[in-house]
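Just so it is clear: chains get the letters A, B, ... in the order the sequence lines come, proteins before strands, and each one is counted from 1.
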Number of protein chains: 4
Amino acid sequence: MGRKKALTERDIFDVTEEILKEEGLQGVHFKKVADRLDVGRSTLYEYFENKDDLLLAYMKRLMDDMNQKVENIPASLPANEKLYKLLLILLEHTQLHQIDRMIRDLQSSDKHAAMFYKEELDVDLMRTYNLMKRWIEAAKEQGAWKQSIDSGLLGDIIFHSILFPNREKMGVESMARQLFEIIENGMTNHDSSPS
Amino acid sequence: MGRKKALTERDIFDVTEEILKEEGLQGVHFKKVADRLDVGRSTLYEYFENKDDLLLAYMKRLMDDMNQKVENIPASLPANEKLYKLLLILLEHTQLHQIDRMIRDLQSSDKHAAMFYKEELDVDLMRTYNLMKRWIEAAKEQGAWKQSIDSGLLGDIIFHSILFPNREKMGVESMARQLFEIIENGMTNHDSSPS
Amino acid sequence: MGRKKALTERDIFDVTEEILKEEGLQGVHFKKVADRLDVGRSTLYEYFENKDDLLLAYMKRLMDDMNQKVENIPASLPANEKLYKLLLILLEHTQLHQIDRMIRDLQSSDKHAAMFYKEELDVDLMRTYNLMKRWIEAAKEQGAWKQSIDSGLLGDIIFHSILFPNREKMGVESMARQLFEIIENGMTNHDSSPS
Amino acid sequence: MGRKKALTERDIFDVTEEILKEEGLQGVHFKKVADRLDVGRSTLYEYFENKDDLLLAYMKRLMDDMNQKVENIPASLPANEKLYKLLLILLEHTQLHQIDRMIRDLQSSDKHAAMFYKEELDVDLMRTYNLMKRWIEAAKEQGAWKQSIDSGLLGDIIFHSILFPNREKMGVESMARQLFEIIENGMTNHDSSPS
DNA sequence: TATGAATGAGTGTTCATTCAT
DNA sequence: GATGAATGAACACTCATTCAT
């Protein structure tokens, strides 16, 4: 009873995402996933070889999703505008920040499928990371941005902003705008009028 | 059977720190700690009532360490310079970022000692956080910084910078300097000479 | 790995009862229960959330069993005859005397299922206890029994008789009869003929 | 600090008794005993070979205490009066009821000292039990009490009365008096006046 | 496909006990 | 005598994983 609609990978991913958002990586147990889907625990093994496999596949899909959006950013835009678009996309895929931790936690495992995804994920993640870095460097070379700032550092600010607790309070749009205001112009007040 | 050379709380804290840095909160198991110290698992219970107790005591010590340094920042400095000093201190205590997660994970437990530390930690953490926010607001009121940027967002940048992977590559000093350059003046290049 | 013949709650209850009778509450370890059932320890957790849950569920079932029999005692009987029937029923459910201790020992735990059963058990136990007391008082008010004897004391005699080691030697029927002979008429010999 | 008065067996027995009364057999841990005495845990092993040894020695002392009082009951008294005195003594040594359980729990242990005490205790307990039975049988033979009631059953009532929760409410004297009223004359009301 | 049933390795925790000093 | 330090066996409990049906 309850279910009986034929389970799909989609369903499993959705529940995984749900738990991931509510309780983080540690909260994702097969028991919990199965319970929420109203399915036997062992059924999940028909879809994924093991837990890491599920998690990695989920992340891979999320990553692919995101990459597609990133690829849609018009190449013609100035570098800093491209970076702004990238930031917006990142802020809509906050689960991504767990990839890092996940890849680290998995170091011991050596199941085939998992290893494959892990590699792929790593590659994808680095590709986006490097893309971001290239754009930063482009902005520098165009003379728009300062050479004196390490590109990696700026990348870190952008990438780690998905972790900021204030995102919830401010909303994605507003946060992105203000963060970019800082990145581009800094906090210093050039207004002549005293506060 | 009482053969070893005398374990100290220090020793346990050191190993805890080691593991915390290598594998994060989830990696800290009493078995692992005990193994690295070459002691029996139960021996640790002579020093700490339970795992939470150890973790919280460690964090508390770290926090106290940090707070002492924060208190030594001269009150006479301008707000932005105080924030710079604060950033430097934060970057030397990167394990701090786990306090937040830890406090959240511990919500279910109710062991006496743990609860006491938890409360204290929470208070300490908030105090530092609020101090940071007050300084940011001071800089705004003095007209030095823009009112248009949310103070919490800036706080997040500063606080989360302890997570940046590039810290290792750049070194604390250099990273702090560059991060502050961005925060104060932004990336925009006002140089007239094209690159 | 799913080889065994299918374990039922019944099986677990039976073994629990066995151990309870042989070694008392303290003797009930999941390891022992599992071993006697020739199952892995963790298998038991598929049937009961935790140890308290098992114990309480067992007791609840026992109590329900007993209460049903108690309710079948005809209300029309004189109070002392009702008490006699009650005594007979009690003597057939000797494990009951551990409920009291168990409820006390469990005070620290707060697992959901356990708490629910605990409350229920407590209510059931008190209901029977109070029923017994009411019947005793009825016998007094009808003038059949002495007002000078504390009802609680008499209740204790009846309730604690399930602990008497001699029950095994004498058999339930015989013991109940003799115990009631004492309760009603006392030991004093009113026979005129000397032994 | 604190202690330093020279520890005596007495001190240990006193604390043991304290815990035994407060928390029962399960509550007696060497750690707790040592803590209350403000002494190192290992110090206790200078006085008792192990935990069972302590417990049994404590019980042995208690038993000896009691036996001495029992032996002071004048042989010249009628059997039922002797039994009444015995009941009074029993009610003042309620910890005794744990001997039974303890002896059962110890079945596995085979430490020398413990075994010795165990045997002795068993003997002492049986001696008192048998004494009680002889008195009961004497009362029967003198024609004062009914032959039809099993002596063991009556013994059980007397012996188990130390467990009655109502003892606290009624007080030892009052409970003993009323219990004996039941035992001798029963509950039946022979008053001519209706209630 | 799906699942019910069972499991084993690992984790936190307790406690009696040992031993060098 | 006394103790500080350390330990191992036992227990409750969790969770990913397996397998016959």
Side-chain angles (χ1 to χ4, degrees), chain A residues 3-4 6-8 26 28-34 37-55 109 111, chain B residues 1-8 26 28-34 37-54 109 111, chain C residues 1-8 26 28-34 37-54 109 111, chain D residues 3-4 6-8 26 28-34 37-55 109 111:
Chain A
R3 145 159 321 272
K4 281 293 95 116
L7 187 63
T8 69
Q26 310 305 331
V28 182
H29 307 299
F30 264 35
K31 181 163 200 320
K32 200 179 294 171
V33 175
L37 285 165
D38 199 15
V39 170
R41 229 174 316 172
S42 46
T43 304
L44 298 177
Y45 285 86
E46 298 296 325
Y47 293 80
F48 300 96
E49 285 191 17
N50 54 47
K51 191 185 150 190
D52 291 345
D53 189 29
L54 162 59
L55 246 12
S109 120
K111 324 295 170 75
Chain B
M1 298 162 187
R3 324 195 194 89
K4 298 291 159 32
K5 25 260 211 79
L7 189 61
T8 69
Q26 254 58 37
V28 183
H29 304 298
F30 264 34
K31 171 121 175 39
K32 200 179 291 171
V33 176
L37 286 165
D38 200 20
V39 240
R41 230 185 1 237
S42 53
T43 302
L44 298 176
Y45 286 87
E46 298 293 325
Y47 294 81
F48 298 95
E49 284 190 18
N50 52 52
K51 195 181 145 189
D52 290 347
D53 190 29
L54 162 60
S109 117
K111 325 294 172 75
Chain C
M1 300 163 185
R3 323 191 196 94
K4 297 291 162 33
K5 25 259 213 79
L7 189 60
T8 70
Q26 254 57 37
V28 183
H29 304 297
F30 264 33
K31 171 120 177 36
K32 200 178 294 172
V33 176
L37 286 164
D38 201 21
V39 240
R41 225 179 6 226
S42 53
T43 302
L44 297 177
Y45 287 89
E46 297 294 326
Y47 294 81
F48 297 95
E49 284 191 17
N50 52 52
K51 195 182 144 186
D52 290 347
D53 190 29
L54 162 60
S109 119
K111 326 293 172 72
Chain D
R3 150 159 315 277
K4 282 294 94 113
L7 187 61
T8 69
Q26 311 303 334
V28 182
H29 306 299
F30 264 35
K31 183 161 198 319
K32 200 180 292 171
V33 175
L37 285 166
D38 200 14
V39 170
R41 228 175 317 172
S42 45
T43 304
L44 297 176
Y45 286 85
E46 297 297 324
Y47 293 81
F48 300 96
E49 285 191 17
N50 54 49
K51 192 185 150 189
D52 292 346
D53 189 27
L54 162 61
L55 245 14
S109 119
K111 325 296 171 72

Rounded to whole angstroms, how far apart are [atom1] on [X] and [atom2] on [N]?
X: C:Asn50; N: F:dC15; atom1: CG; atom2: P; value: 14 Å
X: A:Leu55; N: F:dC15; atom1: CG; atom2: C1'; value: 14 Å
X: C:His29; N: E:dT13; atom1: NE2; atom2: C1'; value: 15 Å
X: C:Leu44; N: F:dT14; atom1: CG; atom2: C1'; value: 14 Å
X: D:Lys31; N: E:dT13; atom1: NZ; atom2: P; value: 15 Å
X: A:Lys51; N: F:dA16; atom1: NZ; atom2: C1'; value: 8 Å
X: A:Phe48; N: E:dT1; atom1: CZ; atom2: C1'; value: 15 Å
X: B:Tyr45; N: F:dA10; atom1: OH; atom2: C1'; value: 14 Å

Using the test side chain to side chain contact (heavy atoms under 4.5 Å, CB included), find all partners of B:Gln26 that sit at least two apart in sequence or belong to another chain.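 Side chain to side chain contact (heavy atoms under 4.5 Å, CB included) list for B:Gln26, sorted by chain: A:Gln26, B:Asp105.
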Return the set of residues passing side chain to side chain contact (heavy atoms under 4.5 Å, CB included) with D:Tyr45 (not counting sequence neighbours), or none when no residue passes.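 Listed in chain order: D:Phe30.
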For C:Phe30 and for A:Val28, find the nucleotide of DNA chain F with the closest heavy atom, then tell me which residue's nucleotide is more 5'. C:Phe30
Nearest-nucleotide wise, let me know which of D:Gly40 and C:Glu46 is further upstream toward the 5' end of DNA chain F. D:Gly40
Go through it in stages, so that I can follow the logic: the residues are A:Thr43 and A:Leu37, the test is side-chain contact (heavy atoms from CB on, under 4.5 Å), and I'd like the CA-CA distance, side-chain angles, deciding distance and then a yes or no. CA-CA 10 Å; A:Thr43 304; A:Leu37 285 165; over 6 Å; no
Among the candidates E:dT13, E:dC19, F:dA6, find the nucleotide nearest to the side-chain atoms of D:Ser42.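 In terms of side-chain proximity for D:Ser42, the closest of E:dT13, E:dC19, F:dA6 is E:dC19.
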Considering only E:dA5, F:dA6, E:dT18, which nucleotide approaches the side chain of C:Tyr47 most closely?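 Side chain of C:Tyr47 sits closest to E:dA5.
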Work out how much the helix from E:dA2-F:dT21 to E:dT21-F:dA2 bends between its end axes, five pairs an end, to the nearest 10 degrees.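 Between the axes fitted at each end of the helix from E:dA2-F:dT21 to E:dT21-F:dA2 lies an angle of 30°.
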Measuring to OP1 and OP2 of F:dT7, would you say a side-chain N or O of B:Thr43 lies under 4.0 angstrom away?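 Result: yes.
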Quick one: does B:Tyr47's side chain have a donor or acceptor within less than 3.5 Å of a partner on B:Leu7's backbone? yes
Report the distance from atom CG of D:Asn50 to atom CG of D:Leu44, rounding to the nearest 0.5 Å. 11.5 Å
Gap between atom CG of B:Leu54 and atom CZ of B:Phe48 - 0.5 Å precision: 5.0 Å
For salt bridge (Lys or Arg N to Asp or Glu O under 4.0 Å), just list the numbers for B:Glu46 and D:Lys31, CA-CA rounded to whole Å, side-chain angles, deciding distance to a tenth of an Å, and then say yes or no. CA-CA 12 Å; B:Glu46 298 293 325; D:Lys31 183 161 198 319; over 6 Å; no
